[in-house]
Amino acid sequence: MNAARRSQLFIPTLKEAPADAQVASHRLLVRAGFVRQLGAGIYDYLPLAKRTLAKVEQIIREEMDAIGAQEFYLPALHPAEIWKESGRWEVMGDNMFRLKDRKGGDYCLGMTHEEIFTAIARDELRSYRQLPQVWYQIQTKFRDEPRPKSGLLRVRQFTMKDAYSFDVDAAGLDKSYEDQRVAYEKVFTRCGLRFVGVQAHSGAMGGSASQEFMVRTDAGEDDVAACPACSYAANTETARSKGPLAPVRSGERLDAPRRFPTPGVRTIDALAQPPHGRPGAMQLKSLIYVADEKPVVAVVRGDDDLNEAKLQTACGATMLRPAHPEEIRPLLGADAGSLGAVGFTGAPVFVDESLRGAAGMVTGANQDDFHLEGVDVDRDLLRHGKLADLRSVRAGEGCPRCGAALDLFKALEVGHIFKLGTKYSVSMKASVLKADGAETPIVMGSYGIGVERIMAAAIELHHDQDGIVWPLSIAPFQATVLTLGAEPALAQAAEQVVKELSAAGVEVLYDDRDERAGVKFKDADLLGIPIRIAVGKRGLAEGKAEWKLRRGKEVELVPLGAVAQKARALVDAETRRS
RNA sequence: CGGGGAGUGGCUCAGCCUGGUAGAGCACUUGGUUCGGGACCAAGGGGUCGCAGGUUCAAAUCCUGUCUCCCCGACCA
C-alpha cells in the first residue's frame, strides 16, 4: 500500500524550531518531524527521514549497480589489528572512536572501510583474471569530529555509500574512476542537487587524484574557487591562480639583510603602520607548524593566507598542527611576531612559490623587537628552503587555465572520489598475478557519498519560508491529500482520490486529521510534499479537487477522476532514470 | 584544545542581579463555540529548576565542582 494516513503516522511537527538549530536544513528537519537530536552530532531518524533516506539509497544503489558495482555489507565494529596493518590506527588519531572488548582487546568503530575491503581482496583475489572488481556498501560510519555542527551537515554517526575498485593497472583504475564519476553525476542530478565537481585535496586518504562533489551553499564548510568562464573548479585546499601576484619591491636592494628595531611590533598590521610603513605585500610571514611531530616553517607573503592543506601536501605529512608557543621559542629564539626563516636551517623551510624573485622584503629577525629588511628571497631563503604552493587563492584572482576572475564560494561536500593507487594494497599485501606470472599490487580507487548530507543539501537548496520543497525523487511522499472540512462527502471523495493515486503507484500521504484547513495547509507546506491535492466544498461541488505543486503558486481545479493520472504523469517525468 | 553562551513541564522562554518553596505562550486532556492558511472560551494534567556538594532557618536564585548542549576559533606571528 502506497498510502499512509496522517492521523496514524508519527510526524511530530513543531511550530517553533529548537533554539540550537542554525542552518535551514537542521531547523526544517526538526520542525517537520524528520529528525530529533540524541547527542552532539548524533540524530534519530524518524519515519519521514527514513523514507527519504531510503530513496536516496535506492538511487545510489541503482547507479552503482548500473556500472557493475556489487553490494556488500561489512561490519562497523573493527578489530584494531586491521587498522594497524595499514598504519591508520595511529594516523586517524582522536577522530576514531575506540573501544575495548571484555578481554581488553582493542577495537574501533569504522570511519571508512578501505582496510576491510582491502583485506577481503587480499584474502580472496589471486589473478588478474578476477579483476576488475568494484565493491560497495551503504553503511554507518563513525567519526569523533572535533566539532559536530550544523545539524546533519557534520555529525559523528552517518551513513555513507562507500565503493572501492580493484584493478590490475593504472589504466584500469582510470576507467573505474571515470565510471564512478559519471555515476556520481547521475546520483546527484537524480536527487535534485545542483553541484560542481572540484579538484580536491586527498587528506588522510592518500592517493594521487581526487575529486569532490560540492553543493554550493553558505551552510557548507568548504571553500571552492570556480571559474565562471571555463570549467576550472577546485577546493581552495588545492586551488591556484595566476597574477596579480608580483611582490612589491622596496626599491632598496641590499647586499645582505639588515636588522632594524621594531619595538612592540608583533603583527603584519603593526609593521604596516607608521613609523615602519612596510605594507603586507612587502613582508614575509613565517609560520611554524608541527608535521608528524617534526617542526616545519612556512613562509608566505604578509598579506596572503597560508593554506594548511597545501602545507600538508608540501611536506607530505599525515598530521599537521600549528606549533605551540613553547615549541617556537626554543627553536627560533623568539616568539611569534618576530619570526623569520632567513638562514634558518633548524627545520625544513617551505616558501610560497609566488615569492620567487622577491627582494627588498621585511621579515622577523628571530629576536623579539627586531626585523630584517632588504631580504632577497632567492638569496636568503631559497638556498635552504623549498618553493611550494602554500597560499590560499582569493576571489577575483585569475583562473589558472583561462585567466578570468575566479569566483569563491562556500560549498558542502556530498561526495568524494579518490584514485588510491597501491597505498593500501602494498601495506596490506593485496596482490594478484599478472598474465606474465609476475605478482603486482592491486590498483585501488575509493568512492564515497554522504547519504544524510544529500538529504540536508537538498533542503538547503530547496526550501522557502514555509518549509521544505522536496524534489520529487527523494520526497518522503510524492503527493499529499487534504480534506478541508469535516463533511463526510469530503472524506469520501478524498479517500477515493487516495485510492486511485495509490493504485497508480503514487506514494500518498492522506491528511485525514480533524484539523482546521489552515493547520493542514501549514503542515503540508512544512513537510514539503511535492504534489498537494486539496478536497474542499468549493471544488467538490463541481466534482473537482485542487491541484497545487509545493514549488509553485498556481492552484488548478482538476476533476477528481483525473487526479491520479495527472500525478502519475508528473512522477514519471521527474523520477525517470537518466 | 582555547574562548564565549546556555541547561527551568514535550517546544520557545521568563523568574536568578536583590534567597522565602515555580510562571507565560505553544503543545496535551475534557466540554462548548468555531471551521479555506497554525481559532476562541472554560476547566484540567504535567516540572527532583542538568547533576553533586556547600552556605543558610530557607536555594531555581549565592559558592564550588562536574556533566551536557550550542556558537566562535582551531593558525594567519
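Just so we're on the same page: letters track the sequence lines, and every chain starts at 1. All values below come from the heavy atoms of this structure, side chains included, with hydrogens, waters and symmetry mates left out.
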Identify all pairs in which a protein N or O lies below 3.5 Å from an N or O of nucleotides 25-29 of chain B, and state each distance.
from  : atom 1 : to    : atom 2 : distance (Å)
B:G25 : N2     : A:E16 : OE1    : 3.3
B:C26 : O3'    : A:K15 : NZ     : 3.4

Look at the side chain of [X] and decide which nucleotide, out of [options], has an atom nearest to it.
X	options	value
A:E308	B:C75, B:C71, B:C69	B:C75
A:Q37	B:C13, B:C70, B:G36	B:C70
A:D20	B:A39, B:C75, B:C70	B:C70
A:R147	B:C75, B:A74, B:A39	B:A74
A:I328	B:C72, B:U12, B:A77	B:A77
A:P18	B:C76, B:U12, B:C35	B:U12
A:A19	B:C69, B:U12, B:G36	B:U12
A:R156	B:C75, B:A74, B:C69	B:C69
A:A517	B:G36, B:C75, B:U12	B:G36

*Quick one: is A:R516 getting a side-chain N or O under 4.0 Å of the B:A39 phosphate, OP1 or OP2?*
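Yes.
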
_Rounded C1' spacing from B:U64 to B:G25 in Å_ =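 These two C1' atoms come out 36 Å apart once rounded.
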
With a 4.0 Å cut-off on N to O distance, would you call [X] and [Y] a salt bridge?
X	Y	result
A:D223	A:K410	yes
A:E413	A:R154	no
A:R356	A:D378	no

*Any side-chain donor-acceptor pair under 3.5 Å between A:Y289 and A:E308?*
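Present: a donor and an acceptor within the cut-off.
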
*With A:R453 as the cation and A:F158 as the aromatic partner, state whether NZ or CZ is under 6.0 Å from the six-membered ring centre and within 45° of the axis.*
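The answer is no; the distance or angle limit is not met.
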
Go ahead and name the base partner of [N]; Watson-Crick or wobble counts if both distances stay under 3.5 Å, otherwise write none.
N	answer
B:C17	none
B:A24	B:U12
B:C69	B:G5
B:A52	B:U64

*Give the ring-plane orientation class for A:W470 versus A:F34, where under 30° counts as parallel, over 60° as perpendicular and anything between as tilted.*
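A:W470 vs A:F34 ring planes: tilted.
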
_Test log, rule side chain to side chain donor-acceptor pair (under 3.5 Å), inputs A:Q496 and A:E500_ = CA-CA 6 Å; A:Q496 182 61 27; A:E500 288 172 14; 2.9 Å; yes

*Please report, rounded to the nearest Å, how far the P atom of B:C70 is from the CZ atom of A:R27.*
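Value for this atom pair: 16 Å.
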
*asked:* Just to be sure I understand the geometry, which residues of residues 520-529 of chain A put a non-hydrogen atom under 4.0 Å away from RNA chain B?
replied: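 Per residue number, the list reads A:F521, A:K522, A:D523, A:D525, A:L526.
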
